[in-house]
Amino acid sequence: MSHFNFIAKQIRSQNQLKQLHAQLIQNSLHNQDFWVAQLIHLCTRLHAAPRYTTQVFYLAPQPDVFVCSNMLKYHSQMGATNEVFALFDQMQEANVKPVAFVYPLLIKSSGKAGIQFHAHLLKRGLNYDKYIQNAVMGFYCKYGPIESARELFDMMPERTIADWNSIISGYWNWGNEVEAQKLFDLMPEKNVITWTAMVSGYAKVNDLESARRYFDKMPEKSTVSWNAMISGYAHNGLAQEAIELFNEMMSFGLTPDETTCVAVVSSCSMLGDPGLAESLVKRIAEKGTCPNHFVKTALLDMYAKCGNLNMARKIFDGLGECRNLVTWNAMIAAYTRVGDLASAMGLFHQMPKKNVISWNSIIAGCSQNGESAMAIELFKEMIASKDLKPDEVTMVSVISACGHLGALELGNWVANYLTENQIRLSILGCNSLIFMYSKCGSMRKARKIFEEMENRDVISYNTLTTGFAAYGSGAEALELLSKMKQESMQPDRITYIGILTACSHSGLLEEGKAVFKSIKDPDIDHYACMVDLYSRVGKLDEAKRLIDNMPMHPHAGIYGSLLNASRVHKRIDLGEFTANKLFELEPENSGNYVLLSNIYASAGRWEDADRIRGLMKAGGVAKATGWSWVEHGGKIHRFVVGDHSHKLSDDIYRVLGEMKKKMMVAGYMADKSCVLRDVEEEEKEEMVGTHSEKLAVAFALLISEPGAVIRVVKNLRVCRDCHMAIKIISHLEKREIIVRDNNRFHCFRDGLCSCNDYW
DNA sequence: GTAGGGTTAG
C-alpha cells in the first residue's frame, strides 16, 4: 500500500497515471474505494478526460463518501454542473453523505447553479462549517441578492476576516459604495486583502482619488494591491498615471507579475507606445516566466490598436490551443477597427464558441463601417439562436444602425424588444434612442425618451437639439438651450452648432444672432452656421460681410451656403464670386458647377450656363449616381433611375404617370424647371436624384392608405424639382409626406414644406 | 478547502 502511495505522489502526467492504474489492476487493488478515490483525485489534478475519469469511478462497486466527493470535485472543476447534481442524487439514493469540504468547492465552481447547494443544505438541515458559510455567502455576494448575503453575515455566530472581506467586496460588486465603506469602518481587524478590496472597489466605481487615498494609507501592500491600483488607472483610461505608478513600484524594487504586465501593456496600447510593453515583457521573460495568455491577449490588442495588425495576427496564431473567447474577440475587433469586415466576419464564423461580446464586436463593426443593414441582420440572427441575451452594448449598435438607415419601423421594433426583454438603458443607450428617433423623423418620440430620462448628459441635449435642427424646429431647440441653462448644464461647441442650425432652418435671425454673440470662443463651424443663417433669410450681403470679417479662412461649406442662396435669390454677382472660390477649394465637386449653371439658366443666360456645364465635363467632374429608399414592412426598398427591378415596378410607374397628370391638371407644367418635364437622354444622369426620388415617392403613394402619412427616406439631398413635386402632391392628395435628405427632414402638408429651406 | 488584482465589444 505505501509503495503505491509513494508513486501516487510522484505522478505528474496522464501517462504516469495510466501506468499506476495498470499496476493497481495487476495487484487487484483497482476496485478498492481508497485507490479509486486516489485515481480520481489525480484525474482532477491532471485534467484527465471525462470518459476516462468516469470509467475509473465505476470501478468502485459501491463508491464510498471519499470516492463520491472526489468525483464531485472533478465534475465541478470541469464545469459539468449536470453531472454534479446527478451524482448528488445517486449519493442520496445510496445514503452516502458528502464530506463537508466539497461544498465550498462545488458552490464556487457551479456558477449560478450554486444556489441549488444552498437549497440542498437547508433541506437536509446540514450543519454549516465556517468554510461552507463563507462559500454560501460568497455565492450571494457574486450573484445576488446581496441582501441574502447580508442576512447570512448578520446571522453568523462568529465572523472571520475572510467573511468581512467577502461581504465588503460583495457590496462593491453590487455598486453599494456606502455599505462597503460602513462595514470597512466597523471591521475590528483588517488585513491587506481588506484594504486592496477597498482600492479596487473605488477604482471600479471610477473614483480613483478615493482609491488612491486608500492605497496610500494601507499599512502594507502586496503585489495584488499595486496591481489593483495600476489596473484601476488603466481601466479608467488614465494610462499615464498607470505607467507612473508602475515605475514607482519598480523603484521600490518590487517584482511585477503577469497581472501588472497586463495593466501596463493595456496602458501602452492607449498611449500608442509598444516600446515600454515590449521591454517589460522581455524583463519578465528573463526571469523565466513566459507570458501567459492574459498578457499575450493584451499584447495582441496593443499591437492591433497601434496599427500593427500583422504582429497582432502573429500572436493570435501563436496562441494556438490557448486561444479563448477573449483572444478571438480581440482579433475580430482588430479587423473591424481597420474596416476589414471580411476578415472579421471570417473569424466570427470560425470561432468555436461565441459570447455577447463576440456578437457585439461584429455588430458594432458593421454598424461603424456603414453596413447598417448587415448589423441588423446579425442582430436578428443573434436573437434567433436564443442562447445569448443581447445587452445594452448590443442594443446601442443596433439602435444606431436603425438611425443611420432612417428605418423607423425597425427602430420601433428594436425599442419594443428593449421593453419586452427588460433591457435597461444607461444615458448612453437613451442617447442612442434619441438619435435614432431624430434620424427617423419622429421628434415626438425622441423628445419623450429625453424627458423620461433620469439623468442626462450634454450629449443627450446635443442629440435632441440636432434632431430639432434637422426638423426645422428652431423654437424647440432654443427652448432646450434655456432648459440646459436652468439645469446648469454647460453647452459645448456641438450644442451651439445645433442651436444655430435650428435657427437657420427656421429663419430665426435675431435669435440666432443673440446666440452667436453669447458664444465665448466661436470656431469656424459656428461662423459657417451664421453664414448659412444670413443666407437663408436672404441677407446675402450680411453673409458676405461675415465671411470677409471672420478671423479664420472660410472652408467650402461656408461658400456653399452662400452659393445656394445666391441661386435662390438670383444674385448672379455673388454666385459667380462664391462659385469661383469653390472651384478652387473643391474642384471635384460637381454640385458647385450645377448650381452656377442653374443661376445663369434662371436669368436666361443660357450660353453661360452651357459654358459651365462644358467646364464640368472637361474637368471630368461626374455626378455620383444616387438612389432613394423607402422603408416598408421592415424592408428597405431601393430605387435607382430607370429601375424596373422592383416587383411592383409597373404599378410604381403607373402612379408616377398619375402624379404627372394631376400636376398638369393643376397647371404646374408652366415652369421650365418643373419636375416632370421630359429630359434629354444625356441629361438623365444629372437628374438621377430626381428620378430615383420620384420612384420612391410613387411607391410610397402606392402602398399607403389614402390619407396616411407617407414616409420617404432617402440618402440624397432632396432636389429642387422633387421638392416641388411633393409639395404639389401633398396638396392634391391631402396627405402628409415626410422626406429625409442627408441630414434633415421636410414635412410636407397642404402644399407647404415645414422647413425654411429655399425652394 | 475561505477573502483582494488581469485581456475583448459601445
Side-chain angles (χ1 to χ4, degrees), chain A residues 69 73 99-108 129-138 141 159-170 172-173 190-201 203-204 214-215 218 221-232 234-235 256-266 269 291-302 304-305 315 319 324-334 336-337 344 354-365 367-368 390-400 426 428-429 431-432:
Chain A
S69 296
K73 241 166 98 177
V99 288
F101 77 81
V102 292
Y103 279 103
L105 288 171
L106 295 181
I107 292 168
K108 254 194 97 171
D129 73 2
K130 62 174 182 173
Y131 297 109
I132 296 181
Q133 282 184 356
N134 186 278
V136 173
M137 187 178 77
C141 285
R159 285 174 274 268
T160 62
I161 297 190
D163 294 323
W164 284 91
N165 289 343
S166 293
I167 190 85
I168 288 176
S169 27
W172 279 120
N173 191 32
K190 305 169 179 71
N191 63 10
V192 60
I193 295 177
T194 325
W195 285 92
T196 308
M198 294 306 279
V199 172
S200 68
K204 207 188 216 163
Y214 278 82
F215 180 76
M218 52 197 296
K221 294 182 183 73
S222 65
T223 305
V224 177
S225 322
W226 284 91
N227 291 345
M229 196 64 229
I230 296 174
S231 348
H235 248 283
D257 66 4
E258 282 147 319
T259 305
T260 328
C261 201
V262 168
V264 174
V265 170
S266 77
S269 74
N292 64 12
H293 73 271
F294 280 109
V295 179
K296 284 184 185 160
T297 306
L299 281 167
L300 185 163
D301 187 54
M302 179 190 73
K305 282 181 180 152
I315 296 174
L319 274 161
N324 62 12
L325 263 170
V326 182
T327 25
W328 282 91
N329 292 345
M331 200 64 226
I332 288 174
T336 60
R337 211 173 284 126
K354 298 177 180 72
N355 66 1
V356 180
I357 297 184
S358 324
W359 284 95
N360 290 353
S361 305
I362 198 76
I363 291 175
S367 187
Q368 284 157 17
D391 63 8
E392 187 181 359
V393 180
T394 329
M395 299 318 292
V396 167
S397 300
V398 175
I399 293 166
S400 107
S426 67
L428 180 89
N431 290 350
S432 72

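Per chain, numbering begins at 1; letters A, B, ... match sequence-line order. Because the structure is a prediction, the values reported are computed rather than measured.
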- Task: Report the nucleotide, chosen from B/dT2, B/dT8, B/dG6, that has the shortest atom-to-atom distance to any side-chain atom of A/Thr259.
- Result: B/dG6
- Task: Using a 4.0 Å heavy-atom cut-off across all strands, classify A/Ser266 as base, sugar-phosphate, or nothing.
- Result: nothing
- Using whole Å, report how far CH2 of A/Trp164 lies from P of B/dG4. 17 Å
- Calculate the interatomic distance between A/Tyr214 atom OH and B/dG4 atom C1'; express it in whole Å. 15 Å
- Message: Using 30° and 60° as the class boundaries, would you call the ring planes of A/Trp195 and A/Tyr214 parallel, tilted or perpendicular?
- Response: tilted
- For A/Asp163 and A/Ser166, test the side chains for any donor-to-acceptor distance below 3.5 angstrom and give the result as yes or no. no
- Task: Would you mind telling me which of B/dG5, B/dG1, B/dT7 lies closest to the side-chain atoms of A/Val224?
- Result: B/dG5
- Between the side chain of A/Ser367 and the main-chain N/O of A/Ile363, is any donor-acceptor distance below 3.5 Å? no
- Query: Base, sugar-phosphate alone, or nothing: which one does A/Lys305 contact when heavy atoms must sit under 4.0 Å apart?
  - Reply: sugar-phosphate
- Query: Touch check for A/Ser225, heavy atoms < 4.0 angstrom, all strands: base, sugar-phosphate only, or nothing?
  - Reply: base
- Query: Rounded to the Å, how far apart are A/Asn329 CG and B/dG6 P?
  - Reply: 18 Å
- Item | Closest to side chain of A/Ser200, choosing from B/dT7, B/dA3, B/dG5 | B/dG5
- Query: Between A/Ser225 and A/Thr196, is any side-chain donor less than 3.5 angstrom from a side-chain acceptor?
  - Reply: yes
- Pair A/Ser358, A/Ser361: side-chain N/O donor-acceptor within cut-off below 3.5 Å: no
- Message: Between P on B/dG4 and CG on A/Asn134, what's the gap in Å once rounded to a whole number?
- Response: 9 Å
- Query: Is A/Val199 touching bases, backbone alone, or none of the nucleic acid, heavy atoms closer than 4.0 Å?
  - Reply: nothing
- Message: I want to verify a distance call: between B/dA3, B/dT7, B/dG10, whose nearest atom is closest to the A/Ala364 side chain?
- Response: B/dG10
- Item | Nearest-nucleotide pick for A/Ile193, side chain only, options being B/dG1, B/dA3, B/dG6 | B/dA3
- Indicate yes or no for a side-chain donor-acceptor contact from A/Asp391 to the backbone of A/Thr394 under 3.5 Å, with no hydrogens or angles considered. yes
- Respond yes when some side-chain nitrogen or oxygen of A/Lys108 is under 4.0 Å from OP1 or OP2 of B/dA3, and no when none is. yes
- Task: Figure out the CG/C1' separation between A/Asn324 and B/dT7, and round it to whole Å.
- Result: 8 Å
- Message: Please determine whether any donor N or O and acceptor N or O are separated by less than 3.5 Å between the side chain of A/Ser222 and the base of B/dG4.
- Response: yes
- Message: Classify A/Gln368 by what it touches in the nucleic acid, base, sugar-phosphate, or nothing, heavy-atom distance under 4.0 Å.
- Response: sugar-phosphate
- Between B/dG5 (P) and A/Trp172 (CH2): distance, integer Å: 12 Å
- Task: Looking at every strand, decide which applies to A/Arg337 at a 4.0 Å heavy-atom threshold: base, sugar-phosphate, or nothing.
- Result: sugar-phosphate
- Query: Rounding to a whole Å, what distance do you find between A/Asp301:CG and B/dA9:C1'?
  - Reply: 11 Å
- Which nucleotide, B/dA9, B/dG1, B/dT2, lies nearest any side-chain atom of A/Ala162? B/dT2
- Stacked pair A/Tyr131-B/dG1, distance under 5.5 Å, angle under 30°: no
- Sugar-phosphate, base or nothing in reach of A/Ser361, heavy atoms under 4.0 Å: sugar-phosphate
- Remember a base hit wins even if backbone is also touched, and classify A/Ala263 as base, sugar-phosphate or nothing at under 4.0 Å, heavy atoms. nothing
- Query: Taking atom P of B/dG10 as reference, at what distance in whole Å does atom CG of A/Leu428 sit?
  - Reply: 11 Å
- Query: So what does A/Asn355 hit on the nucleic acid, given a heavy-atom distance under 4.0 Å: a base, only sugar-phosphate, or nothing?
  - Reply: nothing
- Query: B/dA3 base to A/Asn191 side chain: any donor-acceptor pair below 3.5 Å?
  - Reply: yes
- Looking at B/dA3, B/dG4, B/dG6, which one has an atom nearest to any side-chain atom of A/Ile161? B/dA3
- Return yes if a side-chain donor-acceptor contact under 3.5 Å exists between A/Asn360 and A/Asn329, otherwise no. no
- Between the base of B/dG5 and the side chain of A/Asp257, is there a donor-acceptor distance below 3.5 Å? yes
- Message: Considering every strand and a 4.0 Å limit on heavy-atom distances, what is the contact class for A/Ala333: base, sugar-phosphate, or nothing?
- Response: sugar-phosphate
- Would you say the base of B/dG1 and the side-chain of A/Asp129 have a donor-acceptor pair closer than 3.5 Å? yes
- Message: Side-chain N or O of A/His235 versus OP1/OP2 of B/dG5: is the shortest distance under 4.0 Å?
- Response: no
